[in-house]
Amino acid sequence: MTIERVPRRAARILVLDPEGAVFLQLHDDPEVGLHWVLPGGGLNEGEDELAGALRETVEETGWTDVVPGPALWIWEHDYTRRGVPTRQREVIFLGSGPRRDPVGDLTESFAHDGIMTCRWWTPAELADCPDLLWPPRLVELLAELRREGPPARPRDLGYVPNPP
């Protein structure tokens with residue numbers, strides 16, 4: 001049986017601190033379960049992907065000074081958003097900023113977006129993370145980024161099905 005899914009456009013920022021740690025947020029989706037994801041989310045009608053990624057990052061972290069870089073990866077995945085089966089296409093941009101906690105009262109934003117908690121992950125900690133990471137090959141993609149730098153144009157990871 002095929003599930004009818006609503007398409008959704010989204011954008012996220014891979015925020016790296018000067019030592020290479022990445023900032024992630026924990027979500028719990030009824031279809032996917034616990035998973036760590038980069039800050040960002042759905043785009044508004046007609047919104048540019050980078051503008052949407054920056055807006056969402058401010059809403060979810062309070063950080064207004066993340067320095068955006070190039071688009072790194074594009075991928076599609078399925079999940080259930082507020083009870084609606086969704087297929088989301090995401091563009092992930094590189095970003096940099098100091099290592100810090102979110103700023104301000106983000107209680108409402110966290111509740112609205114289903115963010116349970118957030119934290120910085122070093123590459124070694126991320127490699128040992130027992131939970132699902134979005135995108136699922138994040139550890140490998142980060143290692144490639146450290147070795148080779150940003151791609152000349154975003155790498156299309158295609159549709160990535162949820163693990164069984």
> Between Phe23 and Arg119, is there a cation-pi geometry (under 6.0 Å to ring centre, at most 45° from the normal)?
Replying inline: no

I'd like to know if the side chain of [X] reaches the main chain of [Y], judged simply by a donor and an acceptor atom lying under 3.5 Å from each other, with no hydrogens or angles considered.
X     : Y      : value
Trp36 : Cys129 : no
Glu47 : Asn44  : yes
Arg99 : Asp17  : no
Asp29 : Thr80  : yes

When you compare the side chain of [Y] with that of [X], does any pair of heavy atoms fall below 4.5 Å?
X      : Y      : answer
Val22  : Leu126 : yes
Glu59  : Pro39  : no
Thr61  : Val103 : no
Pro135 : Ile92  : yes
Val66  : Ser96  : no
Leu142 : Leu14  : yes
Glu60  : Leu106 : no
Arg137 : Leu157 : yes

For [X] and [Y], which heavy atoms make the closest approach, and how far apart are they?
X      : Y      : value
Ala11  : Glu49  : CB-O, 3.2 Å
Gly97  : Val15  : N-CG1, 4.4 Å
Ala71  : Pro151 : O-CG, 4.4 Å
His35  : Asp28  : CE1-N, 4.4 Å
Trp73  : Leu141 : CZ2-CB, 3.4 Å
Leu132 : Pro163 : CD1-CG, 4.1 Å

Would a single hydrophobic cluster contain both [Y] and [X], if residues Ile, Leu, Val, Met, Phe, Trp and Tyr are joined by side-chain heavy-atom contacts under 4.5 Å?
X      : Y      : value
Val58  : Ile115 : no
Val37  : Ile74  : no
Leu138 : Leu94  : yes
Leu133 : Leu145 : yes
Leu34  : Leu38  : yes

>> Before you tell me yes or no, could you show the steps for Arg55 and Asp48 under salt bridge (charged side-chain N to carboxylate O under 4.0 Å, His left out), namely the whole-Å CA-CA distance, both residues' side-chain angles and the distance that decides it to 0.1 Å?
In response: CA-CA 10 Å; Arg55 175 188 51 75; Asp48 170 82; over 6 Å; no

> For atom CD of Glu148, is the number of surrounding heavy atoms from other residues, nucleotides or ligands below 6.0 Å larger than 12?
Replying inline: yes

> Just wondering, are more than 12 heavy atoms of other shown residues or ligands nearer than 6.0 Å to CZ in Arg153?
Replying inline: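 Not more than 12 within 6.0 Å, no.
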
Calculate, to the nearest 0.5 Å, the distance between atoms [atom1] and [atom2] belonging to [X] and [Y] respectively.
X      : Y      : atom1 : atom2 : result
Glu144 : Arg155 : CD    : CZ    : 4.5 Å
Leu54  : Ile13  : CG    : CD1   : 4.0 Å
Thr57  : Phe93  : OG1   : CZ    : 10.5 Å
Arg5   : Asp78  : CZ    : CG    : 3.5 Å
Leu43  : Arg89  : CG    : CZ    : 9.5 Å
Thr117 : His27  : OG1   : NE2   : 10.5 Å

> For residues Arg8 and Tyr79, is any side-chain donor paired with an opposing acceptor at under 3.5 Å?
Replying inline: yes

> Taking atom types as modelled and ignoring hydrogens, do the side chains of Glu76 and Gln88 form a donor-acceptor contact shorter than 3.5 angstrom?
Replying inline: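 On atom types as modelled, these side chains do not qualify, holding no pair under 3.5 Å.
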
>> Show, in sequence, the C-alpha distance, side-chain angles and deciding distance for Tyr159 and His77, and conclude whether the side chain to side chain contact (heavy atoms under 4.5 Å, CB included) test is met.
In response: CA-CA 6 Å; Tyr159 168 72; His77 62 91; 5.5 Å; no

